[in-house]
Amino acid sequence: MADAVSQFYQSYNEDSRFERPSRAVEYLTTLHMIDTWLSQLPPASAILDSGAGSGVYALHYADQGHSVTAIDITPKHIEQIQAKIVQSKQVLSVQAEIGNAIHLSNICCLLRLRLSIMQEQME
């Protein structure tokens with residue numbers, strides 16, 4: 001199943017999804033919901049974007065000063081996120097990795113490592 005999902009998204013232009021006006025509602029509603037939740041956390045929190053696609057939300061929240069770990073099952077999406085990080089005019093705290101949200105134990109290990117690195121940087 002994971003291969004079929006990855007294969008589909010390898011040929012799909014995820015970035016074009018938000019170019020249509022009908023998808024602006026989805027984008028803005030999602031930002032509103034995430035912002036409501038994030039308002040309860042300290043600034044510069046660690047965020048996991050599981051199923052990150054091409055990084056629209058991950059990059060938005062990294063731009064806001066959060067430390068984001070973005071995982072997606074599709075290698076093309078991870079490459080797109082990494083390219084956007086390089087092209088950014090700001091230093092963004094984003095780590096993009098190929099991963100499957102079904103395998104939470106792998107994601108937990110990745111997050112522990114990321115949090116450990118963040119703690120070392122704050123010391």
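Computed from heavy atoms alone, side chains included, the values below leave out hydrogens, waters and symmetry copies. Owing to the predicted nature of the structure, the values given are computational and were not obtained by experimental measurement.
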What's the shortest heavy-atom distance between [X] and [Y], and which atoms?
X: Y27; Y: Y57; result: CA-OH, 3.4 Å
X: S93; Y: A62; result: O-CB, 4.1 Å
X: D72; Y: G53; result: OD2-N, 2.7 Å

Next item on the list: Could you verify whether a donor N or O on one side chain and an acceptor N or O on the other, from Q80 and Q82, lie under 3.5 Å apart?
Entry: no
Checklist line | Steps toward side chain to side chain contact (heavy atoms under 4.5 Å, CB included) verdict (S54, V56) | finding: CA-CA 6 Å; S54 59; V56 172; 4.1 Å; yes
Next item on the list: Quick one: list whatever passes side-chain hydrogen bond (donor to acceptor under 3.5 Å, both in side chains) with Q64, sequence neighbours left out.
Entry: none
Check: Does K76 offer a backbone N or O that forms a donor-acceptor pair with the side chain of T74 under 3.5 Å?
Finding: no
Notebook entry, point to check: So, the side chain of K84 versus the backbone of E79: is there a donor-acceptor pair under 3.5 Å, distance only?
Noted result: no
Checklist line | Distance (rounded to the nearest 0.5 Å) between T30 OG1 and H60 NE2 | finding: 11.0 Å
Checklist line | D49 and I71: CA distance, side-chain angles, deciding distance, side chain to side chain contact (heavy atoms under 4.5 Å, CB included) verdict | finding: CA-CA 6 Å; D49 186 351; I71 64 163; over 6 Å; no
Margin query: What verdict does the side chain to side chain contact (heavy atoms under 4.5 Å, CB included) test give for D63 and Q90, after you've listed the backbone C-alpha separation in whole Å, the side-chain angles of each residue and the deciding distance to 0.1 Å?
Written below: CA-CA 8 Å; D63 190 45; Q90 294 184 353; 2.3 Å; yes
Next item on the list: Could you pull out all residues at least two apart from I85 that satisfy side chain to side chain contact (heavy atoms under 4.5 Å, CB included)?
Entry: L59, I81, V94
Enumerate, atom names and distances included, each donor-acceptor pair closer than 3.5 Å involving a side-chain atom of residues 31-44, sequence neighbours excluded.
| residue | atom | partner | partner atom | Å |
| --- | --- | --- | --- | --- |
| D35 | OD1 | Y61 | OH | 2.7 |
| T36 | OG1 | H32 | O | 2.8 |
| S39 | OG | T36 | O | 2.6 |

